[in-house]
Amino acid sequence: MAENNSGGGDGGVGGGGEVSANQTIYINNLSEKIKLDELKKSLLAVFSQFGKIVEVLAFKTLKHKGQAWLVFEDVSSATKALHQMQGFPFYDKPMRIQYAKTKSDVIAKADGTFVPRERRKRHEEKGKKRKEQLDASQAGMGGVPAYAGPYGSAPPLSQIPYPGGVKLPEAPAPPNNILFVQNLPQETTPMMLQMLFCQYAGFKEVRMVEAKPGIAFVEYGDEMQSTVAMQELQAFKLTPQSSMLITYAKK
DNA sequence: AGCACA
């Protein structure tokens, strides 16, 4: 009888340093040319499919550009996102995704373990090589009252309307009824795409471009309908190694 | 490359 490891390690042997599972994923190799606000909205748009997102953090400082933290409500969502979106071409650069090294403040505040940073920063110490088991993580935190609904006051980020797609700022196509699909595997046929896109209301037709393999146009009746299809199929994998990238077509 | 909490 095989015993499943319940929630513990997946068998992945990471190439780099290993970090344990976290509700927050750390993304780097992001384009640094994108405005922060757009970057965060686009990340939200593409990652909401994996579960509720509590917060998206990104910064412009030298040390932190090209990186973002995405806080999921559940670890399982973070795990799905990490595996499925690994290497996903985002603004023409493949995302590199890891679990964040530490718990996000918003999560710590929710579970009552939040410690203000001014105190944390002074806790740097060197020279101790001895291991000691000091994690009394179950110790009751007497001082901090935990709210019943910490997420209730947070804005429901995952419900923010889709901002306008994952696309380069120099090619800003306004929302319209035609979708531009990129990063399709070589073997994609119009029939495959039709099967996929015809599930959504207003579907009219799919056109592939023979001169340029890997892309397609999908037309809907109006932009509301194309937007729904875009949101549902964003990052859909026709093969395990390629996620499709959907934007609005340029007119 | 780079792990924070605007």
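Below, read A as the first sequence line, B as the second, and so on, with proteins coming before strands; counting in each chain starts at 1.
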Trainee: Could you state the atom-to-atom distance from OH of A:Tyr26 to P of B:dG2 in whole Å?
Mentor: 7 Å
Trainee: In whole Å, I'd like the distance from the CG atom of A:Leu36 to the C1' atom of B:dA4.
Mentor: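 Taking CG of A:Leu36 and C1' of B:dA4, I get 13 Å after rounding.
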Trainee: Check this for me: does the side-chain of A:Thr24 come within 3.5 Å of the base of B:dA4 through a donor and an acceptor?
Mentor: no
Trainee: Give the rounded distance in Å between these two atoms: NZ of A:Lys101 and P of B:dC5.
Mentor: 15 Å
Trainee: Using only side-chain N and O atoms of A:Lys63, determine if any of them is under 4.0 Å from OP1 or OP2 of B:dG2.
Mentor: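 Indeed not, no polar side-chain atom of A:Lys63 lies that close.
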Trainee: What's the CH2-P distance between A:Trp69 and B:dA6, to the nearest Å?
Mentor: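 A:Trp69 atom CH2 is separated from B:dA6 atom P by 12 Å.
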Trainee: Does the salt bridge (Lys or Arg N to Asp or Glu O under 4.0 Å) test come out yes or no for A:Asp37 and A:Lys41, once each step is laid out?
Mentor: CA-CA 6 Å; A:Asp37 190 55; A:Lys41 283 178 177 170; 3.4 Å; yes
Trainee: Does A:Gln186 CD have over 12 foreign heavy atoms under 6.0 Å away?
Mentor: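 Count not over threshold, so no.
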Trainee: Starting at atom CZ of A:Phe114, determine the distance to atom P of B:dA4, rounded to an integer number of angstrom.
Mentor: 14 Å
Trainee: Does B:dA6 have A:Phe59 stacked on its base, where the ring centres are within less than 5.5 Å and the planes differ by under 30°?
Mentor: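 Stacking is absent between B:dA6 and A:Phe59, given that the ring centres and planes do not meet under 5.5 Å and under 30°.
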Trainee: Taking CG from A:Leu30 and C1' from B:dC3, how many angstroms apart are they, rounded to a whole number?
Mentor: 13 Å
Trainee: Start at the 5' end of DNA chain B and walk down; is the nucleotide closest to A:Glu32 or to A:Ala58 reached first?
Mentor: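 Its nearest nucleotide lies further toward 5', so the answer is A:Glu32.
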Trainee: Can you tell me which residue pairs pass the side chain to side chain donor-acceptor pair (under 3.5 Å) test with a partner in residues 57-67 of chain A, sequence neighbours excluded?
Mentor: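 Every pair satisfying side chain to side chain donor-acceptor pair (under 3.5 Å) with a residue in residues 57-67 of chain A: A:Tyr26-A:Gln67.
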Trainee: Measure the distance from NE2 on A:His64 to P on B:dC3 and round it to the nearest whole Å.
Mentor: 8 Å
Trainee: Closest to the A:Thr61 side chain: B:dG2, B:dA6, B:dC5?
Mentor: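 From the listed options, B:dA6 comes nearest.
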Trainee: Would you kindly give the CG-to-C1' distance between A:Asp105 and B:dC3, to the nearest whole Å?
Mentor: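 Nearest whole value for this atom pair: 12 Å.
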Trainee: Using OP1 and OP2 only, check whether a side-chain N or O of A:Arg117 sits under 4.0 Å from B:dC3.
Mentor: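 False: A:Arg117 side-chain N/O out of range (4.0 Å or more) of B:dC3 OP1/OP2.
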Trainee: Examine the side chains of A:Thr113 and A:Asp111 and answer whether a donor and an acceptor come within less than 3.5 Å of each other.
Mentor: yes
Trainee: Between A:Val206 and A:Leu196, is any pair of side-chain heavy atoms under 4.5 Å apart?
Mentor: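 Side-chain contact under 4.5 Å: no.
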